[in-house]
Enquirer: 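Here it is, the structure in full.
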Amino acid sequence: MKDILIKVENISMDYLGQNLFHNLSFELKKGEKLAIKGPSGCGKSTILNMLCGFERPTAGNIFIYGQNVVSQSDIGRKYCSWLPQDLNFADDDKVEDIILFPFSFKANKQKQIDLKMIQEQFDLLGLKKELLSNRYIDLSGGEKQRVGILICKLLDSEIMLLDEPTSALDRSSVDKVIDYLLRDHHLTIVSVSHDERWCRECSKIVEII
Amino acid sequence: MIDISWIDVLTVSGILLIPIFILAYYKTGQLKTMGWSFLRMTLQLSLVGFYLEYIFEIDSVAINLAWVFLMIIAAGFTITKRSDISLSRYYLPVTAGIIVNVLINGLVFAFFIFEDNTFFSARYIIPVMGMVIGNTLNTAIVAIRAYFSSLKKERQKYRYYLMLGASENEALYKFSSEAMKIAFSPMLASVATMGLIWLPGMMTGQILGGSNPLTAIKYQFLIMIAIFTGSVITVAVTLNIAQTMQNKL
């Protein structure tokens, strides 16, 4: 039990009188990667929202480091970084400012970050350095996804929650992102994805029918 | 100053037939609202005219202050109502914003511009505060509407900021900043073109009333500073209180 990082225990979710999923359980140890699969509208993103503490299951419990996220909704925020599916925020700030923005928050002030570090990560993700001075709003969907993943990585959280992280990418970029995510063996990932290679690389799969 | 007869007022009102025709042609659906708005304006101005004549005659500091207080209460109600937010929840934060605005501007006018308590005389305090409060209305409505509607539309963004490590206040900060940008841009544009493209009402009124144009300009300059400062204060105080009240969406 001690090395279990995430424990999802018999969670169920009803939405508008319909049962999205019932008695779902899984456990993840540090460094494990999990992919959640299933048809659209089956509640995959809802599971990530629950881990974030934004939604509560109609039954069951979710523990991170033994602390119950259902009763303490800010636990998710403490340990996880999150890449939502929709990153189409109408921000006309520069990409560099968008990346640095989270480090202006009190909770991240002690985290050291510099332009060189960002540029190195850009290379690994197949992003051109010139993009840093572009407006965020002008980026393509795939570029926004990679910038989002980069921000999660720079935040150095123990758990990454990724909602369809490669849905807007071409094959070679998908491979780059997967390699990037697999580099860190200590990083625990809960993802919603249908990408075949990513699902193969994950140590666990949860399929919602 | 040349007086205008009531017959002239009525005759000139006939010019309203032009907007009525245009709005009807474009089927904007605003004819009823237009009729209602102008009727309200006529009634309110007539009432205020009678009231003010009476208040100006008595000229008691207590009554003048009570009148300003009444304006604050009405403005708080209008801003909250027009911003489409809950009256019971947000009336007090909005009114608190206007009160801070009125207090700061009132003190500046009373102690730095007018001497020997002349500011508290009805002919100064009521029009000056009326302009400060009245001109705050539009900016405050735009800012508060923009803030709450973007929070509603971009809930995901708010959540995203929380997951990036922001506290609730830090996550809401960007929404406040955007709302202020939207609200103050038109005001700053009109300040920049004042005197060049348009002559403001107060200055025009003073000149028509026979004042020296230079004196009118000084009054206008001070009143614009008061209006802008007051609007920023009202919006900042309101959004700050609303932010602390919100905690979580």
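Not measured: the values here are computed from a predicted model. Every heavy atom of this structure was used, including side-chain atoms; hydrogens, water molecules and symmetry mates were not.
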Enquirer: Side-chain donor-acceptor pair under 3.5 Å between B:Gln243 and B:Ser176, yes or no?
Expert: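 B:Ser176 and B:Gln243 do have a side-chain donor-acceptor pair below 3.5 Å.
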Enquirer: Where on B:Tyr161 is there a heavy atom nearer than 4.5 Å to chain A: the side chain, the backbone, both, or neither?
Expert: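 Its backbone and side chain both get close to chain A.
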Enquirer: Would you call the rings of B:Phe228 and B:Phe184 parallel, tilted or perpendicular, taking 30° and 60° as the class edges?
Expert: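 Ring orientation, 0 to 90° scale: perpendicular.
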Enquirer: Measure up the B:Phe21 and B:Tyr25 rings against each other and bin them: parallel (under 30°), tilted (30 to 60°), perpendicular (over 60°).
Expert: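 Because their plane-to-plane angle is under 30°, the rings of B:Phe21 and B:Tyr25 count as parallel.
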Enquirer: Measure distances from A:Phe101 to the heavy atoms of chain B and classify the residue's part below 4.5 Å as side chain, backbone, both or neither.
Expert: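 For A:Phe101, the contact with chain B is made by the side chain alone.
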Enquirer: Which distance, rounded to the nearest 0.5 Å, do you find between the CE of B:Met224 and the OG of B:Ser190?
Expert: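 OG of B:Ser190 is found 5.0 Å from CE of B:Met224.
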Enquirer: Does any heavy atom of chain B fall under 4.5 Å from the side chain of A:Ser104, the backbone, both, or neither of them?
Expert: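 Contact with chain B involves the backbone of A:Ser104 alone.
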Enquirer: Name the option with the most non-hydrogen atom pairs under 4.5 Å to chain A; the candidates are B:Gly165, B:Ala171, B:Ser167.
Expert: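 Looking at each of B:Gly165, B:Ala171, B:Ser167 in turn, B:Gly165 comes out on top.
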